[in-house]
Amino acid sequence: MIQVAVMGYGTVGSGVVEVIEKNKEEINKKCGAGEAVNIKYILDLRDFPGDPYESKVIHDVEQILNDPEVKIICETMGGLKPAYDFTKRALMLGKSVCTSNKELVAAHGPELIRIAHENQCNYLFEASVGGGIPIIRPLNYSLTAEKIDAITGILNGTTNYILSRMEKEGADFADVLKDAQEKGYAERNPEADVEGYDACRKIAILSSLMCGKNVRYQDIYTEGITKITSTDFIYAHAMGKTIKLLALSREEKGKFYAMVAPFLISKSHPLYMVNDVFNAVCVHGNMLGDSMYYGRGAGKLPTASAVVSDVVDCARHIGKVIMCFWDGQDVALTGIGEASHRFFVRVSLENERKALEAFERASVIEADVPGEFAFVTEKMTEEEFNKRALEAGIISRIRLNE
Ligand code: HSE
């Protein structure tokens, strides 16, 4: 028996138990050791009377940590406290930890990986980015012959759902958010999603794996979708484009930058068709070119499936280290002032002349929006754009990803 403990019996934790129970034949076969995976403990503050796994529910983490039979722990608690402390202690005791906790991975990934390896066990986090989409394992084990120079993703299901509905219905952000909250698709406190903080942590993890060093999420320029309006979508339609919250990182000529922001993308962009709660990640390697990973980026069973895939990996490698190149040394990110894009700009009609003086080679966008003048600039750095925008009296701007 390979004894497993689940810490946190919420949406993802209960999904982990369900996946292991439903697919036990498949999972046991794939663990390859001729041994079955068994959930020995479920740690939670609450009791679950009537739950089929009620007898496994415990409230004291020491029971898990002091049990030498437990070799693998699924950390599905979320947040930094007490997950960081529990994880660290488990790894120091040689117990592998599989997690969906992007906050913890983004904040302490390299330290926890190092502690795991010093203790001949593993800290795996496939479920922390893109829910059920395999993206960590491809970066770690599949694309090992590549120098990856660009990652572009839709990494947040909530905002993609909101933007998809704004596009289809011509509705405003606040109305769609309210409806999504009522239907349970968006959190009651939606800040982490709509302000881009969730996508920021996820691109920090992917960027770190891309360059093998630590990309601090605190250093990533992050802009959410709260300022996107139904009028922006009128213009997007007129241009044959849509608006997506993209998380991206780029390495260009030894310089590295990462950002999260809404972008206009055209119909030929690989992420154009990624709608509703789906996520997708485009990875560019110098030999392979583009590859794309698509699927359900959130939800109980897709996320749990990714956690359990890590359990299988740990079971196959009991007492052995699975390589993961994520050094603790921080990457000095280039400020996004140096990043170049074309920008879509809206100004009020009275500022048309001023705007055209500030942006000489602008392509005018015709759309049915009274009292406004809109255009797309030529490609320029963020710094250059901000300088010119000061003189143009702009209403808003959205970057283009091409
Ligand atoms: N709030 C996240 C999302 C959940 O909407 O994508 C998955 O990390």
Side-chain angles (χ1 to χ4, degrees), residues 8 10-16 19 74-80 83 98-107 109 124-137 139 151-167 173 176-209 217 220 222-226 228 243-248 260-262 271 274-282 293-310:
T11 306
V12 181
S14 60
V16 166
V19 169
C74 301
E75 187 269 294
T76 49
M77 308 169 79
L80 296 181
C98 310
T99 189
S100 55
N101 188 342
K102 65 230 153 184
E103 216 183 327
L104 183 59
V105 178
L124 302 187
F125 44 91
E126 182 60 71
S128 65
V129 182
I133 308 172
I135 180 62
I136 304 296
R137 210 164 269 112
L139 288 176
I151 296 180
T152 312
I154 292 176
L155 299 179
N156 183 267
T158 306
T159 46
N160 205 41
Y161 172 82
I162 293 172
L163 292 174
S164 301
R165 279 195 54 191
M166 286 175 76
E167 181 188 41
F173 169 77
V176 179
L177 173 62
K178 190 162 169 275
D179 189 53
Q181 283 173 309
E182 277 163 13
K183 293 196 166 109
Y185 294 153
E187 302 277 349
R188 209 165 279 277
N189 178 1
E191 196 189 4
D193 293 313
V194 299
E195 296 293 357
Y197 306 150
D198 174 81
C200 168
R201 275 148 183 87
K202 292 169 177 168
I203 195 67
I205 296 169
L206 298 185
S207 307
S208 298
L209 296 176
Y217 71 86
I220 297 177
T222 301
E223 202 179 294
I225 63 163
T226 53
I228 300 295
I243 304 166
K244 296 287 186 194
L245 183 70
L246 299 186
L248 51 88
V260 175
L271 296 173
V274 179
N275 285 318
D276 303 322
V277 293
F278 281 85
N279 282 194
V281 191
C282 296
Y293 308 82
Y294 169 84
R296 292 194 180 274
K300 175 174 168 163
L301 294 177
T303 310
S305 169
V307 175
V308 177
S309 77
D310 282 344

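First listed ligand is number 1; within each ligand, the first listed atom is number 1. The figures that follow rest on heavy atoms only: side chains count, while hydrogens, waters and symmetry mates do not.
Counting atoms of ligand 1 from 1 in the listed order, those under 4.0 Å from a heavy atom of G157 are 3 (C), 5 (O), 6 (O). Remark: ligand 1 atoms within the under-4.0 Å shell around heavy atoms of A298 are 4 (C), 7 (C). Within the listing of ligand 1, atoms 1 (N), 2 (C), 3 (C), 5 (O) sit less than 4.0 angstrom from a heavy atom of D193. Within ligand 1, counting atoms from 1 as listed, the ones closer than 4.0 Å to a heavy atom of G297 are 7 (C).
Of the possible donor and acceptor atoms, one in the side chain of N189 sits under 3.5 Å from a partner among the backbone N and O of E191.
Among all protein heavy atoms, the one lying closest to atom 3 (C) of ligand 1 is N156 ND2, 3.3 Å. Looking only at heavy atoms of the protein, atom 7 (C) of ligand 1 is closest to K202 NZ, 3.5 Å. Looking only at heavy atoms of the protein, atom 5 (O) of ligand 1 is closest to T158 OG1, 2.6 Å.
Here the side chains of M166 and I225 are not in contact, with every heavy-atom distance at 4.5 Å or above. Contact check for I135 versus E126: side-chain heavy atoms found under the 4.5 Å cut-off.
Note on ligand 1: K102 sits in its first shell, one or more heavy atoms being nearer than 4.0 Å.
A salt bridge between D276 and R165 is absent, with no side-chain N of the basic residue lying under 4.0 Å from a carboxylate O of the acidic one.
Under 3.5 Å, the side chains of Y197 and R201 contain no donor-acceptor pair of N or O atoms.
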Q.
Is there a side chain to side chain contact (heavy atoms under 4.5 Å, CB included) between N101 and M77? Walk through the geometry before answering.
A. CA-CA 7 Å; N101 188 342; M77 308 169 79; 5.5 Å; no

